Number of protein chains: 2
Amino acid sequence: MSVGIRDVARAAGVSTATVSRALGRGPVSEALRAQVEAAVRATGYRPNLSARRLRSQATRTIGLIVADIRNPFFTAVSRAVEDAAYAAGMRVILCNTDEDPDREAMYLRLMEEERVTGVIFAPTRATAEALHAGDLAFPTVLIDRCGPPGAHDSVVLDNAAAGAALVDHLVAQGFSRIGGLFGATSSTAQERRAGYAGALARHGLAPEARACAPNAAAAEAEAARWLAEPGRPEALVLSNGRILMGAFRAARALSLAVPGDLALAGFDNEPWTDLVEPGLTVVEQPVAEIGAQAMRLLFERIAAPDQPVRKVVLSGRTVLRGSTGPR
Amino acid sequence: MSVGIRDVARAAGVSTATVSRALGRGPVSEALRAQVEAAVRATGYRPNLSARRLRSQATRTIGLIVADIRNPFFTAVSRAVEDAAYAAGMRVILCNTDEDPDREAMYLRLMEEERVTGVIFAPTRATAEALHAGDLAFPTVLIDRCGPPGAHDSVVLDNAAAGAALVDHLVAQGFSRIGGLFGATSSTAQERRAGYAGALARHGLAPEARACAPNAAAAEAEAARWLAEPGRPEALVLSNGRILMGAFRAARALSLAVPGDLALAGFDNEPWTDLVEPGLTVVEQPVAEIGAQAMRLLFERIAAPDQPVRKVVLSGRTVLRGSTGPR
DNA sequence: GCGATCCTTGAAAACGTTTTCAGTAATCGT
DNA sequence: ACGATTACTGAAAACGTTTTCAAGGATCGC
């Protein structure tokens with residue numbers, strides 16, 4: 001029923017080997033190549049990629065494992081990854097873990113079974129810490145979050161510096177009681193928290209940090225609880241775009257004036273952050289470049305499996321808007 | 001090097017056929033099944049999915065072809081599709097066409113070569129119109145946009161009704177010069193425009209419709225141009241969330257008060273639309289249900305290839321907010 | 001007690017390619 | 001002119017599974 005390479009070979013009057021070579025880049029005379037191409041058109045032949053992958057042992061597939069594609073950060077990174085992948089003739093398998101280590105493990109096993117060429121992975125902290133060099137059967141680049149030094153290639157933000165920059169700016173604007181709400185599951189949030197705490201210490205201030213699940217709903221609930229307590233902070237640092245949105249929602253629900261009652265500074269320059277009133281001060285991550293660099297690192301790792309582990313640290317860009325004062 | 005089913009068979013002291021059956025759902029005695037499972041654990045065997053797919057002729061793969069995953073509508077739909085797919089033991093290949101018919105054609109050919117089990121596709125108008133029953137070698141469900149009636153299963157919004165509902169509401173709020181900015185590439189935008197125009201006619205009003213590429217940047221540019229002209233409309237209907245964002249940006253850049261100088265009503269209840277001031281009136285699409293229904297239709301089509309073509313029409317929910325007045 | 005039926009099992013044949021291995025014809029160097 | 005390359009080509013062997021197919025042994029009905 002389905003037309004295979006044998007049918008093309010018969011139609012072109014050549015062997016299947018010649019058809020394969022004509023379609024790939026084997027040495028074939030011009031005359032035969034033309035015959036084969038005509039036969040392909042005549043028969044409507046479509047190569048079977050499963051067969052091709054099995055025989056050639058090159059799946060040309062990369063896995064992309066993220067927490068949740070609905071987080072605009074991952075959306076943007078994934079788009080960059082896919083563009084680079086398709087441009088290189090590769091296919092992407094996208095997996096959402098919802099920050100669940102069990103699902104991470106499941107998808108990593110799936111990647112093995114797919115015999116992927118490589119994987120780009122944003123692991124939870126728990127998984128990242130347990131992930132040592134050589135654990136994975138395929139080249140892997142960690143993004144956004146990274147594990148123990150030297151275990152895997154990675155491309156991350158300079159999170160501590162970015163967290164500190166937000167604190168410095170808030171202090172310069174006259175705030176001193178600066179709280180922080182950080183994601184509970186990622187190393188990234190921890191680093192941002194460390195930068196936040198370090199900067200506060202440098203200014204002789206005390207940190208007040210809390211944690212929540214890294215999504216808008218959980219952040220809103222936690223922020224609402226916190227802000228209703230007596231003696232709430234004057235300013236809040238939020239460790240990613242989803243948490244920032246949740247906190248902004250909570251402030252609005254409690255009718256807190258921003259920045260009068262509460263200043264807000266967060267991460268991820270999502271398109272809505274300059275649409276609300278006041279605009280929100282954020283550290284913008286170079287999302288497209290993160291994706292592109294991850295693919296570059298992955299390709300280079302594939303080309304040279306034994307080269308030393310590399311870590312690309314990108315800087316965030318602090319975008320100052322009305323939400324951070326002055327006090 | 002890599003451990004295959006032969007190694008497992010040898011370790012378990014059985015044939016490869018028995019291993020295959022033990023791993024799948026063939027009839028195997030409990031004793032042997034246990035031996036096989038022990039051998040699998042001992043050897044660290046991982047089935048090779050390429051080989052499995054080739055031999056079984058079941059790729060268990062579905063293609064998802066959308067305009068741009070960064071559009072929150074597609075992000076949400078895709079997440080629903082992927083959840084349903086993985087729950088059914090299927091994998092998803094995601095493709096972004098950027099509304100380019102050439103890329104659509106390319107990805108459709110890729111889907112053929114992948115021998116996908118089925119495809120969920122949001123085609124441009126050009127492609128949808130050229131897409132007749134039997135054109136595609138695989139079961140296909142169209143989402144968001146649909147082609148000629150009866151050609152393919154589809155799940156769409158009742159776009160005309162939704163477009164009309166926005167106009168009715170604007171008229172009820174006292175607006176009469178109601179312009180519309182619609183995406184240029186999708187049938188969906190056209191249907192919304194038709195509903196918009198029909199409702200205006202019903203009210204004895206004249207439509208003023210323009211078109212733009214369905215992304216925020218293009219919409220902002222077009223809206224800025226339009227709103228700077230003399231005699232601009234009192235209200236604008238925007239055919240999707242990206243265009244709504246662009247128009248809101250343009251209004252803000254021109255310092256137009258919403259809804260005082262310009263009322264705004266659009267599509268897609270994206271999370272930011274109730275965060276801006278004023279909140280934006282929108283028709284909310286049931287994004288998760290669109291994805292889930294599409295998968296359901298696809299699975300049912302696969303189970304019964306010859307059943308009549310079905311079209312699921314979902315209703316939008318109009319969310320009234322401050323951006324639409326009263327005048 | 002005996003044929004029919006059922007349940008398990010293994011050997012071997014697919015699945016649709018690419019790649020190896022030879023072999024032929026043509027070209028080259030001297 | 002002759003051996004050595006070089007450039008193509010086809011037959012056949014992979015690739016790692018699942019799925020026949022046939023057969024052995026147990027169970028069943030009577």
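Excluded from the calculations below are hydrogen atoms, water molecules and symmetry mates; all remaining heavy atoms, backbone and side chain alike, are included. In the text below, chain A, chain B and the rest are named by the order of the sequence lines, each starting its count at 1. Everything numeric in this text was worked out from a predicted model, so none of it was measured.
- Following rounding to the nearest Å, A:Arg53 (CZ) and C:dG16 (C1') show an atom-to-atom distance of 13 Å.
- A salt bridge links B:Glu300 to B:Arg296: one of the charged nitrogens lies within less than 4.0 Å of a carboxylate oxygen.
- Here B:Arg46 lies in heavy-atom contact (under 4.0 Å) with sugar-phosphate atoms only.
- Within 4.0 Å of B:Leu32, counting heavy atoms only, lie sugar-phosphate atoms of the nucleic acid but no base atom.
- Phosphate proximity of C:dA14 to B:Gln57: absent, as no side-chain N or O sits under 4.0 Å from OP1 or OP2.
- Here B:Ser15 does not reach the OP1 or OP2 of C:dT9: none of its side-chain N or O atoms lies under 4.0 Å away.
- Counting distance only, with no hydrogens placed and no angle test, the side-chain atoms of A:Arg55 and the base atoms of C:dT18 include a donor-acceptor pair under 3.5 Å.
- Taking 4.0 Å as the cut-off between side-chain N and carboxylate O, B:Arg109 and B:Glu112 do not count as a salt-bridged pair.
- The nucleotide whose nearest atom lies closest to any side-chain atom of B:Leu54 is, among C:dC15, C:dT18, D:dT18, C:dC15.
- In this structure, the CZ atom of A:Arg21 is 13 Å from the P atom of C:dC21, given to the nearest Å.
- Distance, A:Leu49 CG to C:dT17 C1': 10 Å, rounded to whole Å.
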Discussion item. If you apply the rule salt bridge (Lys or Arg N to Asp or Glu O under 4.0 Å), what do you find for B:Arg145 with B:Glu99, and how did you get there?
Written reply: CA-CA 12 Å; B:Arg145 307 118 182 242; B:Glu99 312 266 359; 3.0 Å; yes
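- Distance CZ (B:Arg6) to C1' (C:dG10): 13 Å, rounded to an integer number of Å.
- Going from atom CG of B:Leu23 over to atom P of D:dT19 covers 13 Å, rounded to whole Å.
- Under 4.0 angstrom from either OP1 or OP2 of C:dT8 there lies no side-chain N or O belonging to B:Ser29.
- When distances are taken from the side chain of B:Ala17 to each of D:dT9, C:dA11, C:dT18, the shortest belongs to C:dA11.
- Between the side chain of B:Thr117 and the backbone N or O of B:Thr61 there is at least one donor-acceptor pair closer than 3.5 Å.
- Separating the CZ atom of A:Arg52 from the C1' atom of D:dG16 is a distance of 18 Å, rounded to the nearest angstrom.
- Comparing B:Gly13 and A:Ala51 by the nucleotide of DNA chain C whose heavy atom lies nearest to each, the residue mapping closer to the 5' end is B:Gly13.
- Atom CG of A:Asp100 sits about 9.5 Å away from atom CE of A:Met106, to the nearest 0.5 Å.
- The residue among B:Pro27 and B:Ser56 whose nearest nucleotide of DNA chain C lies closer to the 5′ end is B:Pro27.
- Proximity of A:Ser20 to the phosphate of C:dT18: a side-chain N or O atom is located under 4.0 Å from OP1 or OP2.
- Spacing between atom CZ of A:Arg10 and atom P of D:dA11 amounts to 13 Å, rounded to whole angstrom units.
- Across the protein-nucleic acid pair, A:Ile5 atom CD1 and D:dG10 atom C1' stand 13 Å apart, rounded to whole Å.
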